[in-house]
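The structure appears below as structure tokens.
Proteins come first, then strands; the chains are lettered A, B, ... in the order of their sequence lines, and each starts at number 1. Reckoned from all heavy atoms, side chains included, excluding hydrogens, waters and symmetry mates.
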Number of protein chains: 2
Amino acid sequence: MQLGNELDERKRIILKAIIQTYLETGEPVGSRTISKYTDLNLSSATIRNEMSDLEELGYIIQPYTSAGRIPSDAGYRLYVDELMKEKEKEVSEIKELMIEKTDKMEKVLKQVVKILASNTNYATMITGPTYHRNKLKFIQLSKVGEMQLLAVVVAEGNLVKNQIINLQEPMDEETVLKLNLLLNTQLNGLSIEEINLKMISRMKEQAGIHSDVVGSVVDAVAKAIATDDEEMEIYTSGATNIFKYPELADTSKASELISAFEEKQELAEFVKDTMESSENGEKGTGIQVYIGNESPVKTMQDCSVVTATYDLGGGMQGTIGIIGPKRMDYENVVDNLKTLKNQLDHIFKKT
Amino acid sequence: MQLGNELDERKRIILKAIIQTYLETGEPVGSRTISKYTDLNLSSATIRNEMSDLEELGYIIQPYTSAGRIPSDAGYRLYVDELMKEKEKEVSEIKELMIEKTDKMEKVLKQVVKILASNTNYATMITGPTYHRNKLKFIQLSKVGEMQLLAVVVAEGNLVKNQIINLQEPMDEETVLKLNLLLNTQLNGLSIEEINLKMISRMKEQAGIHSDVVGSVVDAVAKAIATDDEEMEIYTSGATNIFKYPELADTSKASELISAFEEKQELAEFVKDTMESSENGEKGTGIQVYIGNESPVKTMQDCSVVTATYDLGGGMQGTIGIIGPKRMDYENVVDNLKTLKNQLDHIFKKT
DNA sequence: TGTTAGCACTCATTGATGTGGAGTGCTAAC
DNA sequence: GTTAGCACTCCACATCAATGAGTGCTAACA
């Protein structure tokens with residue numbers, strides 16, 4: 001935005017041409033190529049002069065003396081912020097993603113990353129919706145064995161968790177019923193912050209000899225409602241797509257990248273970052289582009305990462321991400337993410 | 001076994017020496033090395049003669065003229081079957097795997113693969129116990145919304161599944177109770193094969209206007225009990241360990257291998273194969289070694305795979321696997337798997 | 001007959017060298 | 001302001017020789 005003004009129209013066109021050619025080929029692009037590529041009808045010499053300027057301004061880089069130029073991080077940034085938009089309307093056919101309606105969200109998510117990965121040829125990730133200040137909807141204790149209870153906890157958004165509780169001593173059906181009633185009347189509609197110690201100890205009193213069960217159940221409840229960072233499941237796909245881009249495929253880089261995918265906790269950085277900046281309401285599209293150094297994760301400084309949050313209302317939101325080389329096809333990626341965002345809204349609102 | 005007899009003692013020692021040196025170094029081993037390595041006190045020339053014989057017999061291979069020798073698949077096989085055992089008693093200190101007791105099996109499994117991967121420096125996989133002819137233990141329908149029921153199905157082994165059922169029309173608490181009773185009395189203790197169409201249609205009759213709910217519940221039951229191959233979750237870890245072995249680390253191979261890990265369905269082949277042969281009761285240790293071509297998966301012909309089944313009694317069993325280069329440290333791997341097997345038994349029997 | 005020393009030979013690996021070509025920067029002319 | 005021309009740079013690639021690990025063979029030895 002601020003930098004863009006120092007560029008006249010011709011420079012912008014040339015820069016755009018350079019970047020686009022580089023996106024396709026992945027190899028430094030020279031002045032002759034551009035002189036043919038554009039409809040400016042300029043000789044390579046003129047282009048060379050302009051390119052020299054562009055390099056001085058920091059938008060392109062010469063990997064070594066007398067080689068072609070490649071975009072710098074700043075160049076990509078300008079391209080994403082401004083140059084790309086001018087073309088945006090052109091290609092925008094909405095591809096129908098074939099997501100069959102399944103009951104389990106987990107499956108949907110796994111399918112989504114998979115489709116996205118094969119659509120874009122990049123590595124992809126997705127998190128399920130995380131529930132901020134989620135409220136308790138329903139608790140059900142059932143006897144499933146002599147000394148075992150099953151606690152089923154349902155939170156808002158129909159997030160179901162269950163936990164087996166091993167008892168110290170047998171419990172009859174009637175007591176189970178009583179406990180059920182107690183738990184539901186006391187805890188129903190509360191969020192995790194609202195369940196305080198006082199309340200728990202009061203309930204334990206009322207439960208009499210079975211106070212330890214109350215403790216276990218409250219634990220289960222806490223687990224069901226609180227979705228802390230560790231809990232958060234991140235699904236990934238297409239990690240091996242990075243082998244398709246020579247600049248990332250050499251053994252050491254690939255190893256690091258794929259490790260990051262496997263461990264997943266580095267990916268959580270993006271989720272956190274994206275969530276934060278989407279709260280600050282930048283742009284409003286909820287789409288975030290990290291180019292090279294802009295990434296919060298060091299191991300991904302040779303990559304670009306594009307993330308989007310999908311928002312299901314009611315405080316539930318998740319994150320989708322695409323990780324690829326810096327020369328990723330930003331237009332296509334952003335496009336894909338946008339349509340996917342809508343689709344996810346659609347699916348989950350129905351469910 | 002049958003082939004082993006054509007080898008005299010000296011040849012066996014030399015072969016063993018060759019293999020062990022190769023396991024360490026990963027490079028073709030020459031005669032001079034062996035002449036120093038062994039306590040046979042033979043000159044390199046003599047060793048050369050023996051090696052020539054061993055090559056003719058098919059146990060070792062010369063990658064190119066006048067290079068050292070590397071073990072062939074047959075060589076590894078002999079090593080695993082016979083040579084290795086002679087040393088087995090030596091190193092067998094049981095490493096205590098620090099598996100903290102958690103409630104969720106999923107977490108235990110994820111932790112186990114992780115530990116195993118970092119212990120062995122190979123890629124690892126594990127499946128949860130699959131339940132053959134599993135029986136229904138308990139069904140609980142609960143109303144969680146105006147038009148929504150939650151079906152919780154508990155099968156033997158405390159395998160819990162839940163499913164949200166969307167109703168066509170509201171249902172009052174009383175009906176829910178009645179349905180609960182109906183389902184439990186009819187289906188309790190049955191395995192999936194025993195639930196036939198006749199039974200379902202009879203239940204639908206008794207359910208009256210809510211017959212569609214019965215259908216949904218039975219579906220949920222089926223899903224909970226039947227653990228078909230697709231359902232089966234395979235957890236993996238340490239996929240990037242393959243980068244540590246140059247013979248697997250070149251881009252094309254690594255890409256294929258890691259893809260296989262990501263997709264997981266190739267890994268299911270091993271699970272199936274291992275299960276079958278463990279049923280046939282070979283050896284009795286339940287540990288299976290696939291060397292190179294012996295593998296049922298083509299993409300892993302440059303690897304060796306060692307699998308083990310852990311058995312929890314009651315028809316529940318799962319599979320652990322380690323995937324590495326052919327020159328993997330078989331002794332250590334087998335050892336690790338054995339102790340892990342025991343630990344898993346221990347953990348899950350407690351749970 | 002089994003073992004060993006010696007020697008010629010093979011072949012992957014490594015580093016040096018040279019060439020071709022893509023691309024630049026600069027200058028001079030239009 | 002634009003362009004043609006030219007010298008220059010530097011990577012990529014191929015070629016070549018030197019190196020050295022390792023073999024196979026032969027002949028001598030115990």
**Q.** Atom-pair distance (CD on B:E55; P on D:dT23), nearest Å
**A.** 10 Å
Q: Determine, using ring centers only, whether B:Y59 and B:Y79 are less than 6.0 Å apart.
A: no
Q) Touch check for B:T46, heavy atoms < 4.0 angstrom, all strands: base, sugar-phosphate only, or nothing? A) base
(Q) Which nucleotide, if any, forms a Watson-Crick or G-U wobble pair with C:dA29, using both distances under 3.5 Å? (A) D:dT2
(Q) Looking at D:dA7, which nucleotide sits across from it as a Watson-Crick or G-U wobble partner, both distances under 3.5 angstrom, or is there none? (A) C:dT24
Q | Residues B:K326 and B:D302 bridged, charged N to O under 4.0 Å | A | no
Q. For the pair made of CZ in B:R32 and P in C:dG6, what is the distance, rounded to whole Å?
A. 13 Å
Q) Using a cut-off of less than 4.0 Å, is there contact between a side-chain N or O of A:T65 and OP1 or OP2 of D:dC10? A) yes
Q: In plain terms, say whether A:K298 and A:E266 are close enough for a salt bridge, that is, a side-chain N and a carboxylate O under 4.0 Å apart.
A: yes
Q: Rounded off to whole Å, could you give me the CG-to-P distance for the B:N49 and D:dT23 pair?
A: 11 Å
Q. What class does the angle between the rings of A:F270 and A:Y290 fall in, given that below 30° is parallel, 30 to 60° is tilted and above 60° is perpendicular?
A. perpendicular
Q) Can you check whether B:S66 has a side-chain N or O nearer than 4.0 Å to OP1 or OP2 of D:dT23? A) no
Q) A:I47 has an atom CD1; how far is it from atom P of C:dA22, in whole Å? A) 19 Å
Q. Tell me: CD of A:Q62 to P of D:dT9, nearest whole Å?
A. 14 Å
(Q) When you measure from the side-chain N and O atoms of A:R69 to the phosphate of C:dT24, is any distance below 4.0 Å, counting only OP1 and OP2? (A) yes
Q.
Within the 4.0 Å heavy-atom criterion, would you say B:A45 contacts the bases, only the backbone, or no part of the nucleic acid?
A. base
Q) Taking atom C1' of C:dG25 as reference, at what distance in whole Å does atom CD of A:E56 sit? A) 13 Å
Q) Between A:I34 (CD1) and C:dA22 (C1'), how many Å, whole number? A) 15 Å
Q: Quickly work out the B:Y64 OH to D:dT23 P distance and round it to whole Å.
A: 10 Å
Q: Ignoring hydrogens and angles, answer whether the base of C:dG6 and the side-chain atoms of B:R48 contain a donor-acceptor pair closer than 3.5 Å.
A: yes
Q) Closer than 4.0 Å, any side-chain N/O of B:S31 to the OP1 or OP2 of D:dT23? A) yes
(Q) Any salt bridge linking B:K253 with B:E247? Criterion: basic side-chain nitrogen under 4.0 Å from a carboxylate oxygen. (A) no
